[in-house]
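Inspection log for the structure reproduced underneath, given as structure tokens.
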Amino acid sequence: MVRVRFAPAPTGALHIGGARTALFNWLYAKHFGGKFILRIEDTDIVRSTNKWVKTILEELKWLGLDWDEGPYFQSDRLDIYKRYAERLVKEGKAYYCYCSREDLEKHRRKMQRLKRRSVYSGTCRELTPSQRKHYESQGRKPTVRFKIQHPGTTVVSDLIRGTSSFDNSILGDFIIIKSTGTPTYNFAVVVDDYEMGITHVIRGEDHISNTPRQILIYKALSVDPPKFAHLPLILGQDRTPLSKRHGEISITHYIENGYLPEALVNYLSLLGWGLTSSPQILSREELIKDFTLERVSKASAVFDIEKLLWINSEYIKRMDISRMTDICITYLKKVGLVEFNVKNSWFKEVIKLYKDRLKTISQIAEFASFFFEKEVNYSKEAINILNKEGTSQVLKKVKERFVEQEDFDVFSVEKTVRSLALELGIKAAKIIHPLRAALTGRTISPGIFDVVSLLGKERVINRIERALNLLKG
RNA sequence: GUCCCCAUCGACUAGCGGCUAGGUCACCACUCUUUCAAGGUGGUAGCAGGGGUUCAAGUCCCCUUGGGGACGCCA
């Protein structure tokens, strides 16, 4: 049975990279009918907060990455780590270290100055009982360090990158329990992954150099390590690791700005992974069916918002119109553009006009505002069109026709405008452009006959009158 | 600095010794058209460089270059 986990630290919102890691774990579990476990790694007491835990859970739920077990919290499991650490000390595989942070920092700086790799010097490796007693009497709180066996080599085999070996001497005796009694990342992960029966550790490439340390802990504990798979990193446009500098990277931002979860999932799945036949739009089911770690690429991938936007627009185009309408109404209410009692059937017609034009749901507010606002705001370009010679004559004529007209459906409106153009001996465009400017305040809109029809007789006439007044003044 | 990893169009990728190096986004042109999108058609663009191995190298090996990661009582 495949058991995988996603283990975020609640020190910030879920970001693009974390979401991708979660997604790949989730896909792997689903593909093999295994379990996806959520574990919160909150051993950094200072930076971890409950607020972020809540945010991360919400973001995962929005993405549809439901977990089968958890969330487990490492902060609830401190006794377990302590027990394992004590066992290692008893077996001579770990030891208490009384070195102060200052001493360690000094050593680190010295090694840096000498351009040497900084590894723990092993000062406390062979303390005698009386030395320990002496330190204890000074009130020093020890850390627990893992004893690295060297000489020796540790081989890491990775499902994505094959094997690579590390000389143990570069590892250094690392801390597994902090002086506060909480475990460090490397130790807690191993204990948890073992206790939780994790079979595959799928995580970011930045963890690759932690892996030999973790393997040595598994060995010391006399248990088999899980299989490892390190995913390539996600980079920004400048090929440095994706961060806030590159723009919005929190999932919350994408939730709030009109992206669809299935679109984001689809895009994320394509970052560092691809099919032989390369369709780009893949449903959740197709992803689950086709996902394998063998197809994950080794090279890091650049996050491309343009492609995400394209995928999002594809999902918008394919979306059921009723659902689309609901989502848009919810969004427009949120930004205060529409009242709470909007007429759904009318609204649906408006949304239909924009379905093929939106890249994000939030663009509806920008593109269609003139449908919802009482007063039209005229853009500079629209005013230019209105100011063209003969415009007011044309607008007056159209207005007259509209006043007389009973039916305001799209066909009737189009017929009216086109026959007027014929009568006046001008091109329909000569009427359409001023009309658009007058009704929408813009030079860009969906088809003008749809706009006229949906705006309705009263508003259309009012707006034309207002535009005419504007021209006089 | 040391260790580890990586390298196909601007971006994501297909390719697992024999392809005119394929697809998608973006870009450009044309088309449709009342504007803007969407749609349709076509196009520009790539194997980082150098050595090997082989009848044959984008594909295997080595070196160089470039990029990244790690070197915390962060995870």
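Computation of the quantities below employed the complete heavy-atom set of this structure, encompassing side-chain atoms and omitting hydrogens, waters and symmetry-equivalent molecules.
The same atom, P, is picked in B/A11 and in B/C30; the two are 27 Å apart, to the nearest Å. Here the separation of B/G17 from B/A75, taken at their P atoms, is 44 Å to the nearest Å. Rounded to the nearest Å, the gap between the P atom of B/U8 and that of B/G46 is 14 Å. Here, B/G23 and B/U31 have their C1' atoms 23 Å apart, quoted to the whole Å. With both ends at atom P, the span from B/C71 to B/G10 equals 33 Å, rounded to whole Å. Separation of the C1' atoms belonging to B/U34 and B/U20 is 44 Å when rounded to the nearest angstrom. With both ends at atom C1', the span from B/A26 to B/G43 equals 14 Å, rounded to whole Å. Nucleotides B/G15 and B/C60, compared at atom C1', are 15 Å apart to the nearest Å.
Across residues 228-239 of chain A, A/Leu233, A/Arg239 each have a non-hydrogen atom less than 4.0 Å from an atom of RNA chain B (numbered order). A heavy-atom distance below 4.0 Å to RNA chain B is reached by these residues of residues 180-194 of chain A, ordered by number: A/Thr184, A/Tyr185.
A/Ser164 comes within 4.0 angstrom of the backbone, heavy atoms only, and of no base. Among the heavy atoms of the strands lying under 4.0 Å from A/Phe449 is at least one base atom, whether or not backbone atoms are also near. Residue A/Arg161 is in sugar-phosphate contact alone, with no base atom involved, counting any heavy-atom pair closer than 4.0 Å across all strands shown. Within 4.0 Å (heavy atoms only), A/Asn210 reaches at least one base atom of the nucleic acid. In this structure, A/Ala301 reaches the sugar-phosphate backbone alone: every heavy-atom distance under 4.0 Å involves primed, P, OP1 or OP2 atoms, never a base. In this structure, A/Lys317 reaches the sugar-phosphate backbone alone: every heavy-atom distance under 4.0 Å involves primed, P, OP1 or OP2 atoms, never a base. Counting non-hydrogen atoms under 4.0 angstrom, A/Gly172 reaches nothing in the nucleic acid. Backbone-only engagement by A/Ser165 is indicated by non-hydrogen atom pairs under 4.0 Å involving sugar-phosphate atoms exclusively.
Of the side-chain N and O atoms in A/Ser118, one or more sit less than 4.0 angstrom from OP1 or OP2 of B/G72. At least one side-chain nitrogen or oxygen of A/Arg295 sits closer than 4.0 Å to the OP1 or OP2 atom of B/G15. Between A/Lys178 and B/A75 there is a side-chain polar atom (N or O) within less than 4.0 angstrom of OP1 or OP2. Within the 4.0 Å cut-off from OP1 or OP2 of B/C71, not a single side-chain nitrogen or oxygen of A/Arg108 is found. An OP1 or OP2 oxygen of B/A75 is reached within less than 4.0 angstrom by a side-chain nitrogen or oxygen of A/Thr43. Regarding contacts with the backbone of B/U13, a side-chain N or O of A/Ser297 is found under 4.0 angstrom from either OP1 or OP2.
Not less than 6.0 angstrom separates the ring centroid of A/Phe347 from the ring centroid of A/Phe371. Here A/Trp67 and A/Phe6 keep their ring centres 6.0 angstrom or further from each other. Ring-centre distance between A/Tyr95 and A/Phe146: not below the 6.0 Å cut-off. Two rings, from A/Tyr185 and A/His207, have their centers less than 6.0 Å apart.
Looking at every heavy atom in both residues, A/His230 comes nearest to A/Phe228 through CE1-CB, 4.1 Å. Nearest approach of A/Asp158 to A/Ile160, heavy atoms of both residues: OD1-N, 2.6 Å.
Between the side chains of A/His15 and A/Ser243, no donor-acceptor pair of N or O atoms lies under 3.5 Å. Under 3.5 Å, the side chains of A/Arg77 and A/Thr43 contain no donor-acceptor pair of N or O atoms.
Along RNA chain B, the nucleotide nearest A/Asp356 and the nucleotide nearest A/Val119 are compared for position; the residue whose nucleotide lies closer to the 5' end is A/Asp356.
Taking OG of A/Ser392 as the reference point, atom CD1 of A/Ile464 lies at 12.5 Å (rounded to 0.5 Å). Distance check: A/Lys51 NZ to A/Ile56 CD1 gives 11.0 Å after rounding to the nearest 0.5 Å.
Judged by a 6.0 Å distance limit and a 45° cone about the ring axis, A/Arg213 is positioned over the six-membered ring of A/Phe174.
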